[in-house]
There are 2 protein chains.
Amino acid sequence: MNNRIDAKYQEMAKISKALAHPTRMFIIDKLNENEHCVCELTDLIGADISTVSKHLSVLKNAGIISAEKRSNMVYYTLRCSCVLNIFSCVMNVIQSNFESAKQIIE
Amino acid sequence: MNNRIDAKYQEMAKISKALAHPTRMFIIDKLNENEHCVCELTDLIGADISTVSKHLSVLKNAGIISAEKRSNMVYYTLRCSCVLNIFSCVMNVIQSNFESAKQIIE
DNA sequence: TGCCTATTTGGCAAAACTGCCAAATAGTGT
DNA sequence: ACACTATTTGGCAGTTTTGCCAAATAGGCA
């Protein structure tokens, strides 16, 4: 693995790592429907607000969501609909795993 | 987040987590071209063979790759082409992030 | 059987991630 | 300026991940 190639996989892993948490997956799903401020998401998730804020910052650092401050609230939105493709691709993998398991059992 | 919904995001995060490492991304890219045994991948990656074996087991547990033993080697293959969709979706996000950065700079 | 190669597993230390609390920051309204 | 709300940041303990070494397992071949 030379450096140039390595940088590519590093970058890809960074995106994937940002998605690799149930709460962050949930956030993406919610932001797909609507923009949401931190406190709205916090209510939906039921964790400490600082925890939610940190999850949001992980997603933001990966370039997956973006923040806009209005009055004293920060509203988050999906930055690029391509994330949703990843979302449904992941569901496809799960579906495919399920089908395989089903075949083995039946 | 009720339990049923939570299970869904848990499952999605599990897939994403399995991809969330540069070496594993690299492995997927290689397996897309060809099946490979552990020692071939080890040569390409340049890490300890036990490290590579463990990465492979992570991917296998997530249902992303499958193993076939022939003689005393184990050959790994992508289990489902849908993983490649994730792969290119991730590249799209990176591309999109890059375009945004470019616009800001220019 | 014994030796060799390929792979997996156990164990351990270092690094990264998570989630809470408390404190800091920023904006609103009085 | 002060109080109040929304959010971020720092810090810390607990958990998970990572990567190496050494040992165990499995198959091929003499």
Side-chain angles (χ1 to χ4, degrees), chain A residues 1 6-7 9-28 30-31 34-77 79, chain B residues 1 6-7 9-28 30-31 34-77 79:
Chain A
M1 276 214 278
D6 189 50
Y9 298 106
Q10 203 88 41
E11 201 55 35
M12 296 184 75
K14 188 180 149 190
I15 303 289
S16 197
K17 204 178 287 192
L19 302 174
H21 192 287
T23 299
R24 294 197 289 268
M25 281 288 183
F26 176 80
I27 289 172
I28 289 169
K30 280 302 153 197
L31 294 186
N34 261 309
E35 66 168 17
H36 284 291
C37 67
V38 184
C39 59
E40 286 168 343
L41 290 169
T42 301
D43 282 347
L44 291 168
I45 293 165
D48 193 274
I49 190 167
S50 71
T51 300
V52 174
S53 177
K54 277 177 185 171
H55 281 304
L56 287 165
S57 103
V58 169
L59 290 170
K60 195 173 147 208
N61 278 327
I64 291 169
I65 63 178
S66 60
E68 186 193 333
K69 185 148 199 171
R70 293 206 297 277
S71 133
N72 59 347
M73 271 120 114
V74 178
Y75 288 89
Y76 282 92
T77 46
R79 221 178 58 63
Chain B
M1 277 213 277
D6 190 51
Y9 297 107
Q10 204 89 40
E11 201 55 35
M12 296 184 75
K14 189 179 146 192
I15 302 291
S16 199
K17 204 178 288 191
L19 302 174
H21 193 287
T23 300
R24 294 198 289 269
M25 281 288 182
F26 176 81
I27 289 171
I28 290 169
K30 281 302 152 197
L31 293 187
N34 262 309
E35 66 169 16
H36 283 290
C37 67
V38 184
C39 60
E40 285 168 345
L41 290 169
T42 300
D43 282 347
L44 291 167
I45 292 165
D48 194 274
I49 191 167
S50 70
T51 300
V52 175
S53 177
K54 277 177 185 171
H55 280 305
L56 287 165
S57 104
V58 169
L59 290 170
K60 194 171 149 211
N61 278 328
I64 291 169
I65 62 178
S66 60
E68 187 194 335
K69 185 149 198 170
R70 292 207 297 279
S71 131
N72 59 346
M73 272 120 113
V74 179
Y75 288 91
Y76 282 92
T77 46
R79 221 178 58 64

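Atom NZ in A:K54 sits about 12 Å away from atom P in D:dC12, given to the nearest Å. Look at CD1 on B:I45: it is 11 Å from P on D:dC20, rounded to the nearest Å. Atom CG of B:N61 is separated from atom C1' of D:dT18 by 16 Å (rounded to the nearest Å). One atom, CG of B:L19, and another, P of D:dT18, lie 12 Å apart when rounded to the nearest Å. The separation between B:I49 atom CD1 and D:dC21 atom P is 13 Å, rounded to whole Å. Protein atom NZ of A:K69 is 13 Å distant from nucleotide atom P of C:dT25, rounded to whole Å. Between the C1' atom of D:dT16 and the CD atom of B:Q10 lies a distance of 14 Å, rounded to the nearest Å. Taking atom CE of B:M73 as the reference point, atom P of C:dC4 lies 18 Å away to the nearest angstrom.
For the pair B:Y76 and C:dA6, the criterion of a side-chain N or O lying under 4.0 Å from OP1 or OP2 is not met. Put simply, A:S71 has no side-chain N or O that comes within less than 4.0 Å of OP1 or OP2 on C:dG27. In this structure, B:H55 reaches the D:dG19 phosphate: one of its side-chain N or O atoms is under 4.0 Å from OP1 or OP2. OP1 or OP2 of D:dG19 lies within a sub-4.0 Å distance of a side-chain N or O belonging to B:H21. The phosphate of D:dG19 (OP1 or OP2) has no side-chain N or O of B:T51 nearer than 4.0 angstrom.
A:Y75 comes within 4.0 angstrom of no nucleic acid atom, judged by non-hydrogen atoms across all strands. As judged by a 4.0 angstrom heavy-atom cut-off over every strand, A:L56 is placed among residues making no nucleic acid contact. Across all strands shown, A:R70 has no heavy atoms under 4.0 Å from either base or sugar-phosphate atoms.
Using a 4.5 Å heavy-atom threshold, the side chains of B:L19 and B:I64 count as touching. Counting heavy atoms from C-beta outward, A:L31 and A:I27 have side chains that approach closer than 4.5 Å.
Nearest-nucleotide positions on DNA chain D for A:K17 and A:C37 put A:C37 closer to the 5' end.
Between A:H21 and A:H55, the angle of the ring planes lies from 30° to 60°, which puts this pair in the tilted group.
Closest contact between the side chain of B:D48 and the listed nucleotides C:dT7, D:dT7, D:dC21 involves D:dC21.
Taking a cutoff of 4.0 Å between a charged side-chain nitrogen and a carboxylate oxygen, A:K30 and A:E35 do not qualify as a salt bridge.
Looking only at distances, no side-chain donor or acceptor of B:R70 sits under 3.5 Å from a matching main-chain atom of B:Y75.
Side-chain atoms of A:N72 stay outside donor-acceptor range of the base of C:dT28, with no qualifying N/O pair under 3.5 Å.
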